[in-house]
Amino acid sequence: MKNIEEKILKDGMILNGDILKVDSFLNHQIDVKTLRAFAEGVKEHFAGQGINKILTIETSGIAVAYAIAEAMGDLPLVYAKKSKSATVGSDVYTAEVFSFTRGVKCDITVCDKYLTAGDRVLIADDFLAAGSAAKGLMRLCEQAGAKPIGLAVMIEKRFQGGHDALVQAGLDVFAGASISAFKDGVPQF
Ligand code: 5GP
């Protein structure tokens, strides 16, 4: 989407050669209008696929998922919680994910009340990099007997492998902006 690409070019900063900092509109201050326009694009893309639930991961996925849940008709939104070591009980689904930005592993959990067999799930997040977060959310769906249909992310870094791996795993992947490379400090689309 042109408006997201323009914002990335105007405000984005590349850290450590592979992380894009977009605090001015997504990860610290949130531009609600941009988020709403993205959510409309997601709604159009996934129309007719019978999606009944939006699933994300705390913290930065929540705002993006909220905009999508609202645009798609006030769908229920569930966010997986992160913990260093999950208190695994019979009432939670759990999966391990690797944090791209922090370089550490953590467990994510969702209570079994909120993800159930028959759910047709759209996974949402702010960024897609190597795909660990989305794969972890897919594993939670599998444990629940829910079907992950697609992944909607505001920004994907296509060169970090997540997109291809998730398409191969059967997800329909939609990105508001798709970065093919960082070249001389400038994101390429
Ligand atoms: P993945 O699990 O796909 O490797 O990474 C996606 C997760 O890591 C997202 O939830 C996002 O919060 C974080 N992330 C990955 N790359 C970036 C990036 O370039 N910028 C920011 N702000 N977050 C990122």
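The figures here come from the full heavy-atom set of this structure, side chains too, leaving out hydrogens, waters and symmetry mates. Every number for a ligand or one of its atoms is a count from 1 in the order of the listing.
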If I compare all heavy atoms of Asp125 with all of Val64, which pair ends up nearest, and what's the gap?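 What the structure gives for the nearest pair is O-CG1, 3.6 Å.
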Please tabulate protein-ligand N/O pairs under 3.5 Å for ligand 1, atom names and distances to 0.1 Å.
residue  : atom   : partner : partner atom : Å
ligand 1 : 2 (O)  : Ser132  : N            : 3.1
ligand 1 : 2 (O)  : Ala133  : N            : 2.8
ligand 1 : 3 (O)  : Ala129  : N            : 2.8
ligand 1 : 3 (O)  : Ala130  : N            : 3.3
ligand 1 : 3 (O)  : Gly131  : N            : 2.7
ligand 1 : 4 (O)  : Ala130  : N            : 2.8
ligand 1 : 4 (O)  : Gly131  : N            : 3.3
ligand 1 : 10 (O) : Asp125  : OD1          : 3.4
ligand 1 : 10 (O) : Asp125  : OD2          : 2.8
ligand 1 : 12 (O) : Ser60   : OG           : 3.4
ligand 1 : 12 (O) : Asp126  : OD1          : 3.2
ligand 1 : 16 (N) : Lys157  : NZ           : 2.8
ligand 1 : 19 (O) : Leu20   : N            : 2.8
ligand 1 : 19 (O) : Lys157  : NZ           : 2.7
ligand 1 : 20 (N) : Leu20   : O            : 2.7
ligand 1 : 22 (N) : Leu20   : O            : 3.4
ligand 1 : 22 (N) : Asn27   : OD1          : 3.0

Between Lys2 and Glu5, is there a salt bridge with N-O shorter than 4.0 Å? yes
Counting N and O atoms only, with roles assigned by atom type, does the side chain of Glu58 sit under 3.5 Å from a partner on the main chain of Tyr79, one being a donor and the other an acceptor? no
Under 3.5 Å, which donor-acceptor pairs link side chains of residues 37-51 to any protein atom two or more places apart or in another chain?
residue : atom : partner : partner atom : Å
His45   : NE2  : Asp172  : OD1          : 2.9
His45   : NE2  : Asp172  : OD2          : 3.2
Gln49   : NE2  : Asp172  : OD2          : 3.3

For Phe159, enumerate each residue passing the ring pair (Phe, Tyr, Trp, His ring centres under 6.0 Å) test, keeping only those at least two apart in sequence or located in another chain.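 In terms of ring pair (Phe, Tyr, Trp, His ring centres under 6.0 Å), with neighbours along the sequence ignored, Phe159 is linked to Phe182.
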Selection residues 17-27 - residue pairs positive for salt bridge (charged side-chain N to carboxylate O under 4.0 Å, His left out), sequence neighbours left out: Lys21-Asp23
